[in-house]
Structures are given as C-alpha cells and as structure tokens.
2 protein chains.
Amino acid sequence: MNTPTMNPQQLKGHLDLLLLATLEDSPRYGGQIIADVQAATDGFFNLREGTLYPALHRLEKAGWIAGEFQQLPRGGSPVKVYTLTPTGRTELREQREKYERFAHAVRGVIGGSI
Amino acid sequence: MNTPTMNPQQLKGHLDLLLLATLEDSPRYGGQIIADVQAATDGFFNLREGTLYPALHRLEKAGWIAGEFQQLPRGGSPVKVYTLTPTGRTELREQREKYERFAHAVRGVIGGSI
DNA sequence: CATCTTACATCGGAAAACTATGTCGTCTCC
DNA sequence: GGAGACGACATAGTTTTCCGATGTAAGATG
C-alpha cells in the first residue's frame, strides 16, 4: 500500500477543522477519530495520540465539543466520547468557509488559472 | 475592501510551495513576491518581511532558488533577485503533487462526499 | 546635509504538532 | 487469583515555522 504521509506542517491550522468535521455526524472517541480520519484520507492523515488528545482538549476548552466518559457495550475501560456542540457546529461551518478561502487562495498562486 | 486574512497557522507547510510557484514564470525580488502573492490571492495571503526573507534563505540554502543582487533600471538600491533553479523546478512539481494529495485528503474528511 | 523611503536582514516569541513516555483499568492466560 | 498484555487517555519536552519588532544600508529628495 503506497500511502504517502503528509508533511507535519501541512496539518497545522487545519486539524481543528478535520476533528470538527469528523464529529459532525456522530459522537466518537479518540481511537475512532484516528481510525476515521485515516480511513477518510486513505492513510494520508495519520494522527498521533500526542497530536489528537491535546487538540481535543483545545476544542473542548473552546466549547466546540463536549467529552464524556462512557462505558462501551463491548466492555473494556470507559472511553471519552466527544460530541459536537451547537457552538461547534457553527464553528465547523465557519472553518469550512475559511478553508475554502484558503484553498482558493492557494489555487490562485499555484494553479495559475483555476 | 473586505479581505479576510488567513489564520497564521494556515500558511504553515505551504509557504515554500507558494514561493516556488511565484518564481516559476520569472525571477522576482522580495517586494515583488509579496505583491504578487497578495494579488494572486485577493489579499488573503499577506506575507510579512519577517516571514518572507527567512523563507527565501531557506529555499536558497536548499538549492531551489538562487539569489543575486541586481541594479534595477529605475535606480535605487540594488535588490536581491531570486531565480528558480532546475532543482527548484523539480521540487515545485513535487510540492504541487503533495499539495494535491493534501487537498484531496482534506476533502475526504470535510467534504463528506465531494 | 538631514531626512525619508525602500529593500534586506535578524532576533525573540508564540503556536502547534510530533516523539516519547507514563498512568490507569480491563482482559487474558496460566 | 496473580502477572503480564493491551487499549485508552494524558502530558512534558522538542522542533518547526510564522510573525512582530527592530535594525542597517543605500539611494532619493529637498
């Protein structure tokens, strides 16, 4: 499997958007988020725990997501399930637009015409 | 003029690509690069001198661009004109592809289906 | 000659992601 | 039931890199 990984710097400034978008449809806990992002990007974004958890704390502190420990049906230790808050949903919309402007601006420089 | 500016973090990891692409067609010096990037992005990317010059030095050290002081026809102090090297042209191609993969990966997460 | 402008340069700070490591509960296996 | 393995969460320290502030020098301007 040829899965070129990203430049760590490429992720900067876009991680929050990725996390909010991942939580858009349903609540998730850490391991699920890592797996989902990896699956949705064909392995391009390979989040590390040291990247994910501080980011989740940042988003929670901002009030965009809410974490709650839950016992999973399959047993095991309780996991911290994060849910997108209404504020987070608004933020997701804004960050999507901000990313669109970013992508459009990059196109303006590297794409020539597109 | 409503020119929403980018999150500083959004630039990280993409600056080199922008600079290489700006120099693709013709050599440029600092002030021109700032103006060109600003124009090509409708003011979205507003490079600062403290951002640009260290970046140019980084690219020059990598052998992707070559700087040479030149006297402009219109007079004034000599300016340092940077030219894309053959190696830099190869690097530009690679960084373009890398950006495409990045953009595609982001779409995979935030675009849902697109 | 004094001042202003322009271009180049650099230092210190801040933000954020990564590496490495640690802790705590469960579960498994003997 | 005890020992180790494992999974999930957590965090300290390092690195990268962009930005704000500031400095220097050459020429233009009056």
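Every chain is numbered from 1 and lettered A, B, ... according to where its sequence line falls, protein lines coming before strand lines.
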* Asked: With no hydrogens and no angle check, do the side chains of B:T87 and B:R89 hold a donor and an acceptor under 3.5 Å apart?
  -> no
* Asked: Would you say the side chain of B:E49 and the base of C:dC8 hold a donor-acceptor pair, judged only by whether the two atoms sit under 3.5 Å apart?
  -> yes
* Under the ring-ring contact (aromatic ring centres under 6.0 Å, His included) rule, collect the residues that match up with A:Y53, sequence neighbours excluded. => none
Out of [options], which has the shortest distance to the side chain of [X]?
X	options	result
B:R48	D:dC18, C:dC8, D:dC19	D:dC19
B:Y53	D:dA10, D:dT17, C:dC8	C:dC8
B:S77	D:dG27, D:dA8, D:dC19	D:dG27
A:V79	D:dA8, C:dA17, C:dC8	D:dA8
B:K12	C:dT10, D:dC18, C:dA16	D:dC18
B:P54	C:dT10, D:dG7, C:dT6	C:dT10
B:R58	D:dC18, C:dC8, D:dA10	D:dC18

Does [N] have its OP1 or OP2 closer than 4.0 Å to a side-chain nitrogen or oxygen of [X]?
X	N	value
B:Y29	C:dC8	no
A:R74	C:dC27	no
A:H57	D:dC9	no

* Decide if the gap between the ring center of B:H104 and the ring center of A:F44 is smaller than 6.0 angstrom. => no
Using whole Å, report how far [atom1] of [X] lies from [atom2] of [N].
X	N	atom1	atom2	answer
B:Q32	C:dA7	CD	P	9 Å
A:N46	C:dA17	CG	P	15 Å
A:L18	C:dA16	CG	C1'	14 Å
B:I34	C:dT6	CD1	P	13 Å
B:K80	D:dT24	NZ	P	19 Å
B:L52	C:dA7	CG	P	12 Å
A:Q71	D:dG7	CD	P	16 Å
B:F69	C:dA7	CZ	C1'	9 Å

* Is A:Y29 linked to A:F45 within one hydrophobic cluster, defined over Ile, Leu, Val, Met, Phe, Trp and Tyr using a side-chain heavy-atom separation of less than 4.5 Å? -> no
* Asked: Do the side chains of A:V37 and A:V81 join up, straight or via other hydrophobic residues, at under 4.5 Å, putting them in one cluster?
  -> no
* Mind checking the CD-CG spacing from A:E94 to A:L17? Nearest 0.5 Å is all I need. => 12.0 Å
* Asked: Looking across every strand, which nucleic acid part, if any, lies under 4.0 Å from B:G50 by heavy atom: base, sugar-phosphate, or nothing?
  -> base
* Could you check whether B:L15 gets within reach of a base, just the sugar-phosphate, or nothing at all, counting any heavy atom under 4.0 Å? => sugar-phosphate
* Asked: Closer to the 5' end of DNA chain C via nearest nucleotide, is it B:G30 or A:H14?
  -> B:G30
